[in-house]
Structures are given as C-alpha cells and as structure tokens.
Amino acid sequence: MAVKKASLGKGLGKGLDSLIPMGDPFLSNKENREKAAEEQTSSEIILKITEIEPNREQPRKNFNEDLLEELADSIRQYGIIQPLIVQKEKEYYKIIAGERRWRAAKKVGLKEVPVIIKDYTAQQIIEISLIENIQRQELNPIEEAMAYKRLMEEFQLKQDEIAERVAKSRVSITNTIRLLKLEERVQQMLIEDMITSGHARVLLSIEDGNEQYRLAMKIFDEKLSVRETERLIKLYLEPKKEKSEHIFSESEELVYQKMEEKMKTILGSKVSIHKRDKNKGKIEIEYYSGEELERLLDLMERIQKN
C-alpha cells in the first residue's frame, strides 16, 4: 500500500502541529522564525518501518487494541496522513511522537512510513511524548503521574513548570502525582478502569494498603459513585466514640445480672443495664411490636399509680 503524504496541519495528531512542525516550544519566537525556512524545506522523508523503533522511555505503556484496530482501518483506507516524529540513534530511528501510527502501520503491513527527523534532548523527548499523549487523552492516570514524577526527579522541573508545559493547573499536576501513593493493587485497578481518579483520590485518605485495597474492591463491587465513596471513607475514618468502661468485681456483676433478670420478670421483656460507673448508667428495655410497647406503657402507669 502506498504511503500518502500530507501537511502536518491535517489529519491525525494535529494537536501537536504548533508544538513540533510549525514551532518548537523549547525555542524563543525569534529562534522559531529563524528555523522556519529550514523546517519547511527539510525533514519529511520516507523510512522503512523496520528502521524505526519505539521510545522505551515514553510515558505510555498500554495501548488499547480496539482503538489500534480502528486506526489500522483508517490507514488501510487513507494511508498515514500525519508523519511520525523520529530522532536518529546509532543504528535506528527512535519514535518521539506517533507510536500508535507506527503500531497500526505494522498491523496493516506497511513497509514504509513518512517521518520528520528531529534532534531533541532527553528531557524534550519526554515532554513531547507526554504532551502528545495528554492531548489525545491516551495516558492512564498512573502513566501520567509517573511521567510527571520523572520530569521532576530527573530534570528538576517544578510542578508549576510542568503545568505550563502540558497546559494544566498546578493543582491538577499535584493531584495526579499523589496517585502514586496508592497501594500497587489499587493503582492497577485505576489502570484497568475498575475505579476512577476521583475514587482513587478519596482512597488516599486511607493509610493502610490492605484496607485501601479492600475498600477499592468494595467501591468496584458495589459500583459506588465518588460521592458515595466520600461518605464511605468518612464513616471509615470517623473516630469511634470511646466508651468509659469501669472494672466491676465478679460479685458486683452478679448483682447487676440479678437486677436485669428481676426487671425482666416484672416487665415481661428483655432489660439491659449499661453501667457508666457505680452510681450512673442507663436501663434499656426492648420491645418487638407496637402492642408490646403499649403493654409496657400501661404497666408503668399502673406501677406509678401504686
């Protein structure tokens, strides 16, 4: 099948047009203008697909097979409209942007693909790969968080600098990175869409990993909404009311038991005495129907009259 050439302003992946072909985000406006003429007359060539390899360091690790098949069908019909962005390595060309197109082209059986050759630093390659995937909403939250973390740790970027590069708020970057604190099994549930990022952020309140996973499974099994999850976690974290318990001797406990039995005999219903201390407490009388409640009330009125 012939590979179809087209300008970068059309077709698949046009979200990166302003980022890569028509202007370099890592250069000033003046440098971009000086570089424009050169870029208009160079770069796009045809390479054998066997000369190209994916970037092992790119943020995205999971590819949806159904979506790949859809892209492959499009390539069968129209060819590759959007060239891949690659960088020359010693023995091959590394994909900077366009791995989905490369994978789909292999499915179709293409022998050649259009590419634009670029020369970026390791940091720039990560940023471009990250931006491409975010624009197309192809990263799962954990992949995105790991990419942000790498930019911070390896290249000392601050969160507000990352936010500016990917056109997101600093709060969004912070919340995404925090997802890496989730227990590994919960992270996998997020990757597999068993829970959402909203559910995951609520679960971050749970420090114990096993409990976090147990509650995540409850959310999944019961199909809880984020709001319902918030209520669930609030109840879980709510401190239990401490009961002031006092130690009573066996003889004293026996006295209270006898009192309960005597009151049960008089009232004809189960009675429980809850002791706070030796002089305070409460008496609990159980009833099991409206008629029984009325009977107890009548009995108490008769006792009061006597």
Side-chain angles (χ1 to χ4, degrees), residues 13 15-20 22-29 31-32 54-63 85 87 94-100 118-209 212-213 215-216 219 226-227 229-230 233-234 237:
L16 281 178
D17 288 357
S18 60
L19 179 63
I20 297 174
M22 300 305 294
D24 192 322
F26 309 105
L27 301 177
S28 67
N29 289 334
E31 289 171 317
N32 273 321
N55 174 16
R56 298 178 183 87
E57 302 299 324
Q58 90 124 313
R60 189 178 186 193
K61 306 300 179 186
N62 299 293
F63 291 83
I85 308 299
Q87 178 162 302
K94 177 170 64 180
I95 298 173
I96 298 174
E99 184 172 342
R100 284 183 70 249
K118 291 286 185 175
D119 186 19
Y120 287 126
T121 66
Q123 177 181 335
Q124 290 169 347
I125 290 172
I126 294 172
E127 290 181 1
I128 291 170
S129 297
L130 179 60
I131 291 167
E132 180 193 35
N133 284 304
I134 287 175
Q135 285 181 340
R136 294 184 175 133
Q137 298 181 336
E138 291 173 346
L139 290 179
N140 66 58
I142 298 301
E143 288 174 334
E144 189 174 340
M146 292 178 71
Y148 294 153
K149 184 180 179 182
R150 186 177 176 199
L151 288 172
M152 291 174 63
E153 292 181 350
E154 290 189 27
F155 305 106
Q156 289 74 53
L157 286 185
K158 297 178 181 179
Q159 290 187 17
D160 54 352
E161 292 175 317
I162 296 173
E164 183 178 356
R165 280 164 167 76
V166 300
K168 290 195 174 187
S169 69
R170 186 183 185 282
V171 173
S172 174
I173 304 300
T174 301
N175 286 336
T176 301
I177 292 173
R178 287 180 65 231
L179 296 176
L180 296 177
K181 295 181 179 180
L182 291 166
E183 201 267 351
E184 288 185 5
R185 291 170 294 178
V186 180
Q187 289 189 30
Q188 190 60 38
M189 291 178 69
L190 183 54
I191 290 170
E192 295 174 3
D193 287 329
M194 295 173 69
I195 58 174
T196 68
S197 295
H199 291 121
R201 283 193 289 271
V202 178
L203 285 168
L204 284 167
S205 303
I206 308 299
E207 295 182 359
D208 183 88
Q212 201 179 81
Y213 177 66
L215 290 167
I219 292 166
V226 173
R227 185 61 59 84
T229 299
E230 289 173 347
I233 301 305
K234 182 178 180 181
L237 294 174

For [X] and [Y], which heavy atoms make the closest approach, and how far apart are they?
X	Y	result
Ser205	Leu237	CB-CD1, 3.8 Å
Ser197	Leu190	N-CD1, 3.6 Å
Pro141	Thr176	O-CG2, 3.8 Å
Leu180	Gln187	O-NE2, 3.1 Å

Problem set entry | Check against side-chain contact (heavy atoms from CB on, under 4.5 Å), Arg165 and Leu151 | CA-CA 11 Å; Arg165 280 164 167 76; Leu151 288 172; 5.9 Å; no
Problem set entry | Atom pair CE/CG of Met146 and Asn140 - distance to nearest 0.5 Å | 9.5 Å
For this session: Mind checking the NZ-CD spacing from Lys94 to Glu99? Nearest 0.5 Å is all I need.
Result: 12.0 Å
Exercise. Near Lys181 NZ, under 6.0 Å, is it more than 12 heavy atoms from other residues, nucleotides or ligands?
Worked result: no
Exercise. Has Glu164 got more than 12 heavy atoms of other residues, nucleotides or ligands less than 6.0 Å from its CD?
Worked result: no
Set of residues satisfying side-chain contact (heavy atoms from CB on, under 4.5 Å) with respect to [X], sequence neighbours excluded:
X	answer
Glu183	Arg185, Val186, Gln212, Tyr213
Met194	Met189, Glu192, Met217, Phe220
Lys168	Ile134, Glu144, Tyr148, Val166, Ser172, Ile173
Asp208	Asn210, Glu211

With [X], which residues qualify under side-chain hydrogen bond (donor to acceptor under 3.5 Å, both in side chains), at least two apart?
X	answer
Lys149	none
Thr174	Gln159
Thr196	His199

Exercise. Is there side-chain contact between Ile142 and Leu179, with at least one heavy-atom pair below 4.5 Å?
Worked result: yes
For this session: For Ile195 and Leu203, run side-chain contact (heavy atoms from CB on, under 4.5 Å): C-alpha distance rounded to whole Å, both residues' side-chain angles, the deciding distance at 0.1 Å, then the answer.
Result: CA-CA 10 Å; Ile195 58 174; Leu203 285 168; 4.1 Å; yes
Exercise. Can you list the steps and then say if Ile206 with Leu215 is a side-chain contact (heavy atoms from CB on, under 4.5 Å)?
Worked result: CA-CA 9 Å; Ile206 308 299; Leu215 290 167; 3.9 Å; yes
For this session: Let me see the working for Met152 and Ile162 under side-chain contact (heavy atoms from CB on, under 4.5 Å), right down to the final yes or no.
Result: CA-CA 8 Å; Met152 291 174 63; Ile162 296 173; 3.5 Å; yes
Seminar exercise, completed: salt bridge (charged side-chain N to carboxylate O under 4.0 Å, His left out) filter on Glu154, not counting sequence neighbours, yields Arg150
For this session: Kindly write out the residues that satisfy salt bridge (charged side-chain N to carboxylate O under 4.0 Å, His left out) with Glu230, not counting sequence neighbours, or none if the list is empty.
Result: Arg227
Problem set entry | Gln87 side chain to Tyr120 backbone, donor-acceptor under 3.5 Å | yes
